[in-house]
Amino acid sequence: MKITLPDQSVHTFDDNATPGSVAASIGEGLARAALGAKVNGKLVDLTRPIADVAAEGDSSPVHLAIVTGPRINKKGEAQWRDGTPSGGDADALYLLRHSTAHVMAEAICKLFPKTQLAYGPPLDNGFYYDLALDTPISSADFPKIEAEMKRIVEEDRPFTRYELDRDTGMGKLYDERNKYKIDNADRALDGGAQRLSFYVTGPLAAEPDEGRLFEKAPRVTNFEDLCMGPHVPSTGRIGAFKIMSVATSHWHGDVESDRFQRVYGTAFFTQAELDAHLAQLEEAKQRDHRVVGQRHGLFTIDEKVGQGLILWKPAGAIIRQELQKFILMHLERQGYSQVFTPHIGRLDLFKTSGHFPYYQDSQYPPLILREQLSTLAKENCTCAELAHKMEKGDIDGYLLKPMNCPFHIQIYASEKHSYRDLPIRLAEFGTVYRWEQSGELSGMTRVRGFTQDDAHLFVTEDQLDVELAGCLDLVKAVFTTLGMTDYRVRVGLRDPAPGKSDKFVGDAEQWDKAGESCRKAAASLGVPFTAEEGEAAFYGPKIDFVVKDVIGREWQLGTVQVDYVLPQRFNLEYTGPDNQPHRPVMIHRAPFGSMERFIGVLIEHFNASFPLWLSPEQVRVLPISDKFLDYAHSVASQLQQAAFRVTVDRSNDRLNAKIATAQQDKVPYMLIVGGKDQEAGTVSVRHRSQGDRGAVPLAQFIADLKQERDQRRL
RNA sequence: GCCACCUUAGCUCAGCGGUAGAGCAGUGCUUUCGUAAAGCACAGGUCGUGGGUUCAAAUCCCACAGGUGGCUCCA
């Protein structure tokens, strides 16, 4: 058998060669460090015959790369080949974490013998195992589980793979009566697998009949699990691990189905890497917008006001105002018209748009008129009947708006339009309300009332592509100005699955046309994007800009959506050059998405060190003693004249204390003023990240600062 | 909404059956200071809310509210 190694050299090996035997033939060190291998790109065990894996594809020659962990020095530090620490070799960590999941499963099964295992995959930064168990596992159990895991690791038992054919394997699983594993196996076989593979955490007494295949299930005394693998060679390779948390999950993600406990953990090759990871998580916690927002007085959420409702404090309001000014500037440049619309509208309007029937569950219930309630009362309408009528929309009332589009549509529809008027671009910072499930709420990123930097464009078919591009430009401009380069682009398409058609309105042909426009526009952005089914809005496909928060959760910010459906539902028209009525296409777009979510993410992005133009407090004047308070105030007032947000530290702290406080408050500029400055008419400039910049004439400082602010420098 | 956990001063947290504690922030006084925290004093809490157990509850039990993590959902 000919095998190509990563250096492109081609070698000949026995037909029964395994990655382990190849590694051994290359060198003792490599064999010792080896954890698994990639055969034609597929991650496999060291003991897996290469020919077996290669036979699954038909590519020849066979490419083989040995996956190794880091070298661990005498101090117990991990040294990765390419010099990068954890995360430097995703494959090695994948193997490690997958194997650690097995070890954890074994430990839990030992401590809680009634446990039924379901599914335990590795993740980007750890792993989890879903298991069915009536006794709740709590964090108090973690040390016990970890102690048991430690014991298993110390025993350094091999992970041994064996395979059974379809019928024998299923027979074994039926004997064991674990419906989840039976289901997993069914799915694997449906997916084209010819055999079922099992992993024993320990040696096998018997030799397989052929390759890894047994004719009948071998007798196993150690823990074993139906698993496609692969794993590290033995439990001893697991360096450091920690159980992180436990949560609920459901079989196949279906709430109606069986409930699992999902135990999360993480693993590294060394304790030092684990510690570094935990420290990083701790740091992220300090960067969390909920912590920072509190500390810097940006916003608050008050249970007396209500869940998921943001109170913007003065400092946060400044950031929001500045961002709105920034967007308004772009809107003027791109020929938008600003409009204002109310927060509520008649239920009928939302029945026409489709919001009421399609997304009723995520709206606040309708506001019912007093007269109607008393009429119903006279008719002896019961609460149950009232609830039913409301559900069906049989009650005339007002809805707190879940979206702005119906209002903008009615503005469009309030006059006749010629093709010469198009495109018409209506923009509004529109506040909408949605009934999010209580468990979903999260700081500013998932709320029940929020303001979209919304706009709706009414365009002709011919204008669609150009206008879409214009919208995407705007989103890109926003992200670029703020230095947010770490985003991904998602084209959200309709879910084609049968039964999901109640999740969208309109016909498939229009959807496909709109989807195509979105793909084309996304492709023209020049950044990679993914097309994802089931991620569309109910009225049309969309292009979303998605970013991660400090704990790795993804949030959709900017969005651009193409809509053929609402113009039809509202019967929108314009008069074409042929003097005939035509239907416009709508584009919905919001470069920030929502002010709340965007600023929540922005707080974390800057870790509260906002660029000058966004900083709630731009300059703080620090007199070295209160003898210089007068001069400090005169400096401040000149800055205020130049429209800077400036304060004077009037405390009788010492200078060092004033500096420490200002640094903590992340004020971009500190102006230290004392006798020398007063005499010379200068200020001693200290920048929050660059430190002491020395004395400069005040006028000079103001001129420089204006530039930095007006250019919105980062 | 579901599961687990959490809720003590403005903030961060200790106390876990026997009279409510610390640091920071705040207020007052002393100090008048040149690039990351001077000193002293004072004030501040029905221990989330409501029930229960007990001679005695911040502490144990129950319910509710709010929060955190995850699941599900997300126009």
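Below, read A as the first sequence line, B as the second, and so on, with proteins coming before strands; counting in each chain starts at 1.
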Could one point to a donor on the side chain of [X] or the base of [N] with an acceptor on the other under 3.5 Å away?
| X | N | answer |
| --- | --- | --- |
| A/Asn652 | B/U32 | no |
| A/Gln664 | B/A37 | yes |
| A/Ser684 | B/G34 | yes |
| A/Arg686 | B/A36 | yes |
| A/Arg446 | B/C74 | yes |

Out of [options], which has the shortest distance to the side chain of [X]?
| X | options | result |
| --- | --- | --- |
| A/Asn656 | B/C2, B/U35, B/C33 | B/U35 |
| A/Ala247 | B/C2, B/G69, B/U35 | B/G69 |
| A/Ile659 | B/A38, B/G69, B/A36 | B/A36 |
| A/Asp692 | B/G70, B/U32, B/U35 | B/U35 |
| A/Glu303 | B/C71, B/A65, B/A38 | B/A65 |
| A/Arg654 | B/A36, B/A38, B/G70 | B/A38 |
| A/Lys627 | B/C33, B/G70, B/A4 | B/C33 |
| A/Lys676 | B/G69, B/A36, B/G34 | B/G34 |
| A/Ser138 | B/A4, B/A36, B/A38 | B/A4 |
| A/Leu655 | B/G69, B/G34, B/A36 | B/G34 |

Roughly how far apart, to the nearest Å, are [N] and [M] at atom [atom1]?
| N | M | atom1 | answer |
| --- | --- | --- | --- |
| B/U31 | B/G45 | C1' | 33 Å |
| B/G15 | B/A9 | C1' | 15 Å |
| B/G52 | B/A57 | C1' | 11 Å |
| B/C73 | B/C3 | C1' | 16 Å |
| B/A20 | B/C24 | P | 24 Å |
| B/G23 | B/A43 | P | 15 Å |
| B/G66 | B/A58 | P | 24 Å |

*When the nearest nucleotide of RNA chain B is assigned to A/Asp288 and to A/Gln678 on a heavy-atom basis, which residue is associated with the more 5' position?*
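Final value for this comparison: A/Gln678.
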*First encountered from the 5' end of RNA chain B, between A/Arg259 and A/Gln561*: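 Nearer the 5' end of the strand: A/Arg259.
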In the structure shown, which nucleotide is the Watson-Crick or G-U wobble counterpart of [N], with both distances under 3.5 Å?
| N | value |
| --- | --- |
| B/G34 | none |
| B/C29 | B/G39 |
| B/C55 | B/G18 |
| B/A63 | B/U49 |
| B/G69 | B/C3 |
| B/C24 | B/G10 |

Touch check for [X], heavy atoms < 4.0 angstrom, all strands: base, sugar-phosphate only, or nothing?
| X | value |
| --- | --- |
| A/Gln294 | sugar-phosphate |
| A/Tyr264 | sugar-phosphate |
| A/Ala536 | sugar-phosphate |
| A/Ile551 | sugar-phosphate |
| A/Asp677 | base |
| A/Ser438 | base |
| A/Gln437 | base |
| A/Arg553 | sugar-phosphate |
| A/Lys658 | nothing |
| A/Val246 | base |
| A/Gly253 | sugar-phosphate |
| A/Gln556 | nothing |
| A/Gly675 | base |

*asked:* A quick test of your reading: do over 12 heavy atoms of other residues, nucleotides or ligands sit less than 6.0 Å from CD of A/Glu554?
replied: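 Counting other residues, nucleotides and ligands, CD of A/Glu554 exceeds 12 neighbours.
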*asked:* Does a side-chain N or O of A/Arg290 approach OP1 or OP2 of B/G69 to a distance below 4.0 Å, or not?
replied: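 Yes, A/Arg290 has a side-chain N/O under 4.0 Å of OP1/OP2 on B/G69.
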In Å, rounded to the nearest 0.5 Å, how long is the span from [atom1] of [X] to [atom2] of [Y]?
| X | Y | atom1 | atom2 | value |
| --- | --- | --- | --- | --- |
| A/Met444 | A/Leu298 | CE | CG | 7.5 Å |
| A/Met149 | A/Lys242 | CE | NZ | 11.5 Å |
| A/Asp563 | A/Phe458 | CG | CZ | 9.5 Å |

Using atom [atom1] of [X] as one end and atom [atom2] of [N] as the other, report the distance to the nearest whole Å.
| X | N | atom1 | atom2 | answer |
| --- | --- | --- | --- | --- |
| A/Lys285 | B/U12 | NZ | C1' | 11 Å |
| A/Lys313 | B/C11 | NZ | C1' | 11 Å |
| A/Lys304 | B/G48 | NZ | P | 14 Å |
| A/Asp549 | B/C74 | CG | P | 19 Å |
| A/Gln307 | B/A65 | CD | C1' | 9 Å |
| A/Phe538 | B/C73 | CZ | P | 18 Å |
| A/Asp141 | B/C3 | CG | C1' | 15 Å |
| A/Gln663 | B/U35 | CD | C1' | 9 Å |

*Under a 4.0 Å N-O cut-off, is there an ion pair linking A/Asp544 with A/Arg490?*
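Judged by the 4.0 Å cut-off on N to carboxylate O distance, A/Asp544 and A/Arg490 do form a salt bridge.
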*A/Phe127 ring centre to A/Arg97 NZ or CZ under 6.0 Å, with the angle to the axis within 45°?*
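No, A/Arg97 does not lie over the aromatic ring of A/Phe127.
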Any chance the side chains of [X] and [Y] put a donor and an acceptor closer than 3.5 Å?
| X | Y | answer |
| --- | --- | --- |
| A/Tyr180 | A/Asp258 | yes |
| A/Glu428 | A/His408 | yes |
| A/Ser684 | A/Lys676 | no |

_Check: A/Leu629 main-chain N/O paired with A/Arg650 side-chain donor or acceptor under 3.5 Å_ =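 No, the answer is negative, given that no donor and acceptor are paired below the 3.5 Å cut-off.
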